[in-house]
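Since the structure comes first, as structure tokens, the remarks are kept for the end.
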Amino acid sequence: MIDPKPVAGRQLHLPLRPVWCCRVCAQPWPCADARLDLTVSFRHQRIALMLYLGTQFVDAVSDLHVYDSALGPPPDVRAIFDRIMCWMPPERPPAAT
């Protein structure tokens, strides 16, 4: 599995489990910076990005059973799916030759 790499020396915005917020900015993961990093890291590997995000989604759903009730109710699985899987930029057609 390919993992994201830092972009231009920036710190990677990775998820903090089990709450799935960004370790750097505390926004819901993937935050805007994580999305940028992932888009750049996987720029020519859309299927690898989908596999990576699918794995993250499965891990996030698996973490729901340890979610701390002090944080409020756990997020809905559909909301987790939308946040992790549905942000990807649209696929671009190949350049004309």
Side-chain angles (χ1 to χ4, degrees):
M1 177 65 61
I2 299 172
D3 289 323
K5 297 180 179 32
V7 175
R10 293 170 9 122
Q11 185 175 7
L12 278 177
H13 287 246
L14 298 171
L16 175 64
R17 294 177 69 177
V19 294
W20 288 83
C21 65
C22 177
R23 291 179 178 267
V24 176
C25 65
Q27 295 298 310
W29 190 90
C31 62
D33 286 323
R35 292 175 184 191
L36 174 63
D37 293 343
L38 290 166
T39 300
V40 171
S41 291
F42 292 95
R43 71 180 155 269
H44 299 297
Q45 303 165 340
R46 185 171 177 82
I47 293 172
L49 175 57
M50 289 188 286
L51 290 170
Y52 176 78
L53 292 173
T55 301
Q56 300 305 304
F57 170 69
V58 169
D59 288 347
V61 171
S62 296
D63 284 346
L64 287 176
H65 78 282
V66 294
Y67 201 84
D68 186 354
S69 61
L71 299 171
D76 176 66
V77 174
R78 179 62 194 206
I80 295 170
F81 179 83
D82 289 345
R83 180 167 40 122
I84 294 176
M85 298 300 298
C86 295
W87 66 267
M88 285 186 287
E91 187 171 14
R92 293 186 179 149
T97 55

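Computed from a predicted model, the values in this text were never measured in an experiment. In this chain, numbering begins with 1 at the start of the sequence shown.
Atom SG in Cys21 sits 11.5 Å away from atom CG in Leu14 (nearest 0.5 Å). For the atom pair Met85 CE and Gln56 CD, the distance stands at 10.5 Å (nearest 0.5 Å). Atom CG in Leu36 sits 9.0 Å away from atom OG in Ser41 (nearest 0.5 Å).
Here the closest non-hydrogen pair linking Ile84 and Leu53 is CG2-O, 3.5 Å. Heavy atoms only, all atoms of each residue included: Pro30 and Trp87 are closest at CG-NE1, 3.6 Å.
Taking 4.5 Å as the limit, every side-chain heavy atom of Leu51 sits out of range of all side-chain heavy atoms of Phe42. A 4.5 Å side-chain heavy-atom check between Leu64 and Pro18 finds every atom pair outside the cut-off.
No chain of hydrophobic side-chain contacts below 4.5 Å, direct or via other Ile, Leu, Val, Met, Phe, Trp or Tyr residues, connects Trp20 to Val24. In the hydrophobic cluster analysis, where Ile, Leu, Val, Met, Phe, Trp and Tyr join through side-chain heavy atoms closer than 4.5 angstrom, Phe57 is grouped together with Leu49.
Applying the salt bridge (charged side-chain N to carboxylate O under 4.0 Å, His left out) criterion to Arg78, with sequence neighbours excluded, gives Asp82. With sequence neighbours excluded, no residue forms a salt bridge (charged side-chain N to carboxylate O under 4.0 Å, His left out) with Arg23.
In terms of modelled atom types and a separation under 3.5 Å, the side chain of Arg35 and the main chain of Ala32 share no donor-acceptor contact.
The salt bridge (Lys or Arg N to Asp or Glu O under 4.0 Å) contacts involving residues 46-62 comprise Arg17-Asp59, where partners must be two or more places apart or lie in separate chains.
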